[in-house]
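All values below come from the heavy atoms of this structure, side chains included, with hydrogens, waters and symmetry mates left out.
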Amino acid sequence: MSQWKQIQQLEIRLLEHVDYLYDDNFPMDIRQGLAGWIEAQDWDSAANDESMATVLFSNLLSQLERVRSQEQNFLQRHNMKIIQQQLQVKYTSTPAIMARVISTCLREERRILASACMQEQGPLEKSLQSSVQFERQKNMDNRVGIIRGSVQMMDQAVKCIEDMQDDFDFRYKTLQSRDKNSEMMKQEVTRLQEILNRLDFKRKEILSKMDLVIKEIDDLMTSQLSPELQDWKRRQQIAAIGGPLLTGLDQLQSWFTLTAQSLFQIKRQLDKLGELVVKVTYESDPIPLQKPQMEERVKYLIYHLIKSSFVVEKQPCMPTHPQKPLIIKTGVQFTTKVRLLVKLPEVDYQLKVKTTFDKSRQFFILTNNTKVMDIEDYSNGCLSVEFRHLQLKEKKYINGTKGNEGLLSVTEELHSLSFEACFTVQGLTIDLETCSLPLVVISNVSQLPGGWASVMWYNLLTDEPRNMAFFGNPPRATWSQLSEVLSWQFSTFAGRGLNKEQLSMLGEKLLGQHASCSDYQVSWSKFCKENILGKPFSFWMWLDSILELIKKHLLPVWNENYIMGFVSKEMERILLKDKEQGTFLLRFSESHLGGITFTWVQHNENGEMSLNSVEPYTKNRLSALPFADIIRDYKVISDGVVPENPLKFLYPKIPKDEAFGRLYNSQPSKGRSAETVLQSELMCFK
């Protein structure tokens, strides 16, 4: 069943989350009309390969044209034509952005499907999708809007003061030419005094209003805007390790920009009041007394608002491993992107961003590390810059050793990529600085599993942006936290997350008798460094090898939910003991890295039941023949009897061909094949 068909069968609550994914950037009409074709393309790779993205974009338009020409409904045909034109305008020059949008939508669909398999959401996902968050954002929208309205009204008040002062200035100058002793002169002086009194009142009133609005903006930044930014950064961490889709940056940009616009407008209003003082001032004039302090407060708020708005929008990631960010291999290009969340009214010169690699003595950036920020049309005019061809090189040392050698393994050493810029806006010089989340640097792809374990552990357990000593004393994770993240790995890399039963089996594998306790504390060493009892590999190395096997060789079978997965031999016996002959189940090997096996029920002439298992199939064997074909063609030779396939029913009782028929890729083999074995070669237990 296609992913889109599975999506359509979800309950309304989850369909609302799906609806949130699709907008003008990727209309749902396209997802619906080209569902099969879209799911068959490699959007992850295209998102980081311009030439591949260009080809896919061209093919997408061709597919749309084909579907449109076959559409009988005139209105639908018209709508598809409009969508096609909009896509051409939006993505012709940036096809990789389109690929990234589609890749993100497909990934989030898989996560939603995975959550549907679980009876309840994990603690992390619950915290990220709480109703409190939506209420908070509504409150933020309302508060920012009120501030903008107040500032606009102050503009009118300043204009009113200016008009009043012009009237005063005109009357005062006219008075100079009149007879000082005339009655009219005395009346005019009285009139001028009244105007001056009103002017003084209005000046005090506008300064008082400004003071209140400045305090309101200060409180907004401290109590809401800054926490919202920190919340987004935390959600970015969770999304990086396979969690829910990261959204909200455009919303943050709107809040930051509107707040900055209010501050810049107040600054202009204060400048205007300063100009008015030059023309008309008097004893106890409130503007010279209060304006300097207000200006300093406004400049301070502008400085810190813009400084905090400099964020890493896309964490460092190798295009070769788009779903494993924050791992960098020396000599391999990686990309990253920074963004300024404030739309600036003016910048006095080009905003150049320089990136440095944590001033480490061990590595340096080999390629150009300085670029100019550009305005992006598709992101509502924000300033951003993407570094697409960065590359790290390891430094050589005369004595042959490498820098930073210590007690930690290579994959536990954390590094950071820093970004710096400086610019002037409306006379205010601002130094910008931000940094990536901690990175793991590897020199060999064999270190990738260990590096990804470090990335997961760090971002699961801390929101500190730069704790380089984290693995000196890594905190423990509760099983409820860890199991949720492990399920995300399967939904991200294998297309379907783990259900409650599979997570329970994994818990038994890792925790033994403590598996039923969701709050049981799992140590970093237990998860990644210590070998499983009696095995030459750790729990994570075993699980990662299974993920790789599924991704490269078992995806169709896995996504049909035919692989039970992590069942132990003891549980396997309990499940199969009362089943009829030929019933089999699929499970991952406990003794081999990246292996899958099947076990079936067999009865002898006396009716005694025994279970037979095969030597696990690993990537080497699965590269030659699809697993579904192996199950179809599997035969056993017993005492000269004609070879037969002992696999009849997939557990609990699904006829084999009914389950796997649509997954067969080739014609049945004839004669003895690699999947025909002797009875004596089987692992048999009663």
- Item | Cation-pi check, Lys656 onto Phe584 ring (under 6.0 Å, within 45° of axis) | no
- Item | Test item: Trp43 and Ile38 side chains (from C-beta on) under 4.5 Å apart, heavy atoms | yes
- Task: Decide if the gap between the ring center of Phe490 and the ring center of Trp558 is smaller than 6.0 angstrom.
- Result: yes
- Task: Indicate whether the side chain of Glu530 and that of Ser525 have a donor and an acceptor atom separated by less than 3.5 Å.
- Result: yes
- Task: Please check if the side chain of Thr104 supplies one atom and the backbone of Arg100 the other of a donor-acceptor pair under 3.5 Å.
- Result: yes
- Query: Do Gln6 and Asn559 meet the criterion of a side-chain donor-acceptor pair at a distance under 3.5 Å?
  - Reply: no
- Would you please say whether a donor-acceptor pair under 3.5 Å links the side chains of Asp44 and Gln323? yes
- Take the angle between the ring planes of Trp524 and Phe471 and call it parallel below 30°, perpendicular above 60°, tilted in between. tilted
- Message: Looking at Tyr634, is its backbone amide N or carbonyl O close enough to the side chain of Asn645 to form a donor-acceptor pair, meaning the two atoms are under 3.5 Å apart?
- Response: yes
- Query: Under 3.5 Å, is there a donor-acceptor pair between the Gln3 and Glu39 side chains?
  - Reply: no
- Message: Determine whether Leu414 and Val440 satisfy the following criterion, side chain to side chain contact (heavy atoms under 4.5 Å, CB included), listing intermediate values before the conclusion.
- Response: CA-CA 5 Å; Leu414 300 179; Val440 173; 4.0 Å; yes
- Going through the checks in order, is the side chain to side chain contact (heavy atoms under 4.5 Å, CB included) test met by Met609 and Lys577? CA-CA 7 Å; Met609 188 271 284; Lys577 68 178 181 179; 3.8 Å; yes
- Determine yes or no for a side-chain-to-main-chain donor-acceptor pair under 3.5 angstrom, with Thr478 supplying the side chain and Tyr520 the backbone. no
- Message: Test your reading of the model: is there a side-chain donor-acceptor pair from Gln489 to the backbone of Val485, 3.5 Å cut-off?
- Response: yes
- Is it true that a side-chain atom of Thr583 and a backbone atom of Val601 form a donor plus acceptor pair closer than 3.5 Å? no
- Query: Would you call Glu412 and Lys529 a salt bridge, using N to O less than 4.0 angstrom?
  - Reply: yes
- Message: Would you call the rings of Phe493 and Trp452 parallel, tilted or perpendicular, taking 30° and 60° as the class edges?
- Response: perpendicular
- Item | Side-chain donor or acceptor of Tyr664 paired with backbone N/O of Arg632 under 3.5 Å | no
- Message: Run Lys329 and Phe334 through side chain to side chain contact (heavy atoms under 4.5 Å, CB included) and show every step you take.
- Response: CA-CA 9 Å; Lys329 182 178 178 294; Phe334 64 95; over 6 Å; no
- Item | Heavy-atom donor-acceptor pair, Arg234 side chain to Thr462 backbone, under 3.5 Å | yes
- Thr597 side chain to Val614 backbone, donor-acceptor under 3.5 Å: yes
- Under 3.5 Å, is there a donor-acceptor pair between the side chain of Gln315 and the main chain of Leu326? no
- Message: Can you tell me how the ring of Phe539 sits relative to the ring of Phe527, calling it parallel under 30°, perpendicular over 60° and tilted otherwise?
- Response: tilted
- Mind running salt bridge (Lys or Arg N to Asp or Glu O under 4.0 Å) on Glu228 and Arg136 for me, showing each step along the way? CA-CA 9 Å; Glu228 286 291 342; Arg136 200 174 66 224; 2.7 Å; yes
- Task: Please step through salt bridge (Lys or Arg N to Asp or Glu O under 4.0 Å) for the pair Glu590 and Lys509, ending with a clear verdict.
- Result: CA-CA 9 Å; Glu590 294 185 296; Lys509 180 80 173 176; 3.6 Å; yes
- Report yes or no: does Gln236 contribute a side-chain atom to a donor-acceptor pair with the main-chain N or O of Val312 at less than 3.5 Å? yes
- Query: Any side-chain heavy atom of Ile7 within less than 4.5 Å of one from Arg31?
  - Reply: no
- Message: Does either side chain, that of Tyr458 or that of Asn467, offer a donor lying less than 3.5 Å from an acceptor on the other one?
- Response: no
